[in-house]
Number of protein chains: 2
Amino acid sequence: MHQHIRVTVDAVIFGYNSRDGLSVLLIKRTIPPYIFKWALPGGFAHNDEPLEDCVKRELRSETGIQINYLEQLYTFGAPERDPRGRVLSVAYFGLVRPTALSTPPKPVINSSFLNKTSDDREARWCKLNELPQLAFDHNMIIEKALVRLRNKVRYEPIGFELLDSKFPISELEKLYELLLSRPIDRRNFQKKLNSLGILIAHEEKQKAALQGRPAKLFSFNEQEYSKLRDEGVYFEI
Amino acid sequence: MHQHIRVTVDAVIFGYNSRDGLSVLLIKRTIPPYIFKWALPGGFAHNDEPLEDCVKRELRSETGIQINYLEQLYTFGAPERDPRGRVLSVAYFGLVRPTALSTPPKPVINSSFLNKTSDDREARWCKLNELPQLAFDHNMIIEKALVRLRNKVRYEPIGFELLDSKFPISELEKLYELLLSRPIDRRNFQKKLNSLGILIAHEEKQKAALQGRPAKLFSFNEQEYSKLRDEGVYFEI
DNA sequence: ACAAAAGTGTTAGACATACACCCATGT
DNA sequence: ACATGGGTGTATGTCTAACACTTTTGT
């Protein structure tokens, strides 16, 4: 009995802004199978490469994007998920700040990955509700990542990772309204965050308030959060 | 560049009773590396076998145990985790009822897995706080499973899967006190569960009350729980 | 009758929800 | 001045936490 299973990693990278909502990072495939179809960034692991390094390498070479948060999502192992044979995919789940979202992703042509098709490489952000049919089981992988995001955001402070490091509270609120798909009272939301004591208020104000009074900017106090967590205080929205 | 990565599955199976607390199912290795060391049940995946089928097959053949709940935990992929070379482990996390715990695990000698070492096979339950040093990174895998159990039990009704299908509320309470490592008020706990409406009360009483008044038996109302969840009512302890 | 655990109800405080007015800015 | 969103406080109701006595069984 000789085992022959290949291993890939794939990354579901979410970006957010209040205009477009959630977006996912996609690349266009340049080789079969599913040639010219959109897919998640990813690829085969090297023999001596930790899986997380592999994701980061593929993300850099395929999209050049700066990620802000990364965790393992799930391993997809259905025998028929890849027409080339048995290919396991260890999927990761990542978040980027809006700045990464506003600059179009650009493949980094790294000498060690140069090949005849590398000129065709193309990457882009795609709004979550405008996703096309993707290669392999990648639509299913995104679905799983979305469930993870929606659940996790309720009891761990990962929402901050989708915003600029300084943000007005209203941005955080809109993000939570989107993810939890229910309206949130602006005043109660602010009160709750203040009572948790994990926000740092800055003197700066929002630069280009499109309309209305410019908002104060806040950032996430990671140290204070770690301290509270160690004391057994739970973050919860 | 030719990829050579092998894939195993490993299972962290928890059992519980109020006398011993949590126990984990272990097998004694009969082949190198780590020969004669205790390890998690598991083994190499077959080429065309879904990962979950593989876990179930290994559990049956190595321990003969009846599992009650199973989900994927995490994929461990550090390049040096196995001295034989690059071996990925897709770890699963499972729960059994106390009845499975009280009957000692017995390897099922299945003709397709008969080999010269199968007579030496040995499996046993080991209390969580008496774990020896295990083969590979299996202690770390158990640690991760324990964190998952402790977190998940708070917002999903998986605690029931560790009890007999009919149980007195005090058993559930003791389980939660252990997992959350804090005392729980008996009366408030009962009130909360009643208000959730996910318990079915039975006429039967606890058979062998060792001391004191015999308790009513309850079971988990899975259908009612699904209904509530679909309506957006969250389970939370 | 006594020990041990089960069953039950009330009260006070904490937290979540609902809601309205004033403030700062751009047009 | 007006439109737009930001900042703040208070009242109400709901849920949680604390707590004590009675009941049923075995010895």
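So you know, we letter chains A, B, ... as the sequences are listed, proteins then strands, and number each from 1. All heavy atoms count here, side chains included; hydrogens, waters and symmetry mates do not. What you see is a predicted model; the values in this text were computed from it and never measured.
Atom CG in A:Asn194 sits about 15 Å away from atom C1' in C:dC15, given to the nearest Å. Between the C1' atom of C:dA14 and the CG atom of B:Asn188 lies a distance of 14 Å, rounded to the nearest Å. A:Phe189 places its CZ atom 18 Å from the P atom of C:dC15, with the value rounded to the nearest Å. A:His202 has its NE2 atom 14 Å from the P atom of D:dG7, to the nearest Å. Following rounding to the nearest Å, A:Arg154 (CZ) and C:dA16 (P) show an atom-to-atom distance of 13 Å. Atom CD of A:Gln190 is separated from atom C1' of C:dC19 by 16 Å (rounded to the nearest Å). The interatomic distance linking A:Glu173 (CD) with C:dT17 (P) rounds to 13 Å, in whole Å. Distance, A:Arg213 CZ to C:dT25 P: 7 Å, rounded to whole Å.
With sequence neighbours excluded, no residue forms a salt bridge (Lys or Arg N to Asp or Glu O under 4.0 Å) with A:Arg229.
One can find a donor-acceptor pair under 3.5 Å joining the base of D:dA20 and the side-chain atoms of B:Arg187. At a cut-off of 3.5 angstrom, the base of C:dG7 holds at least one donor-acceptor pair with the side chain of B:Arg186. In the interface, the side chain of A:Asp185 is not paired with the base of C:dA16 through any donor and acceptor atom under 3.5 Å apart.
Tested against B:Leu128 for a side chain to side chain contact (heavy atoms under 4.5 Å, CB included), the candidates B:Asp20, B:Leu178, B:Leu146 yield a single pass: B:Leu146.
Cation-pi contact between A:Arg148 and A:Tyr74: absent, since separation from the ring centre below 6.0 Å together with deviation from the ring axis within 45° is not met.
A residue-by-residue look at B:Glu171 and A:Arg182 shows that B:Glu171 has its nearest nucleotide of DNA chain C further toward the 5' end.
Counting non-hydrogen atoms under 4.0 angstrom, A:Ser170 reaches the backbone sugars and phosphates but no base. Residue A:Lys191 is in base contact, counting any heavy-atom pair closer than 4.0 Å across all strands shown.
OP1 or OP2 of D:dG7 has not a single side-chain nitrogen or oxygen of A:Lys216 nearer than 4.0 Å. Distances shown here put every side-chain N or O of A:Gln211 at or beyond 4.0 Å from the OP1 or OP2 atom of D:dA3.
Closest approach of A:Pro41 and A:Leu59 over heavy atoms only: CG-CD2, 3.9 Å.
Note: B:Phe93 and B:Tyr69 have perpendicular aromatic rings, judged against thresholds of 30 and 60 degrees for the angle between ring planes.
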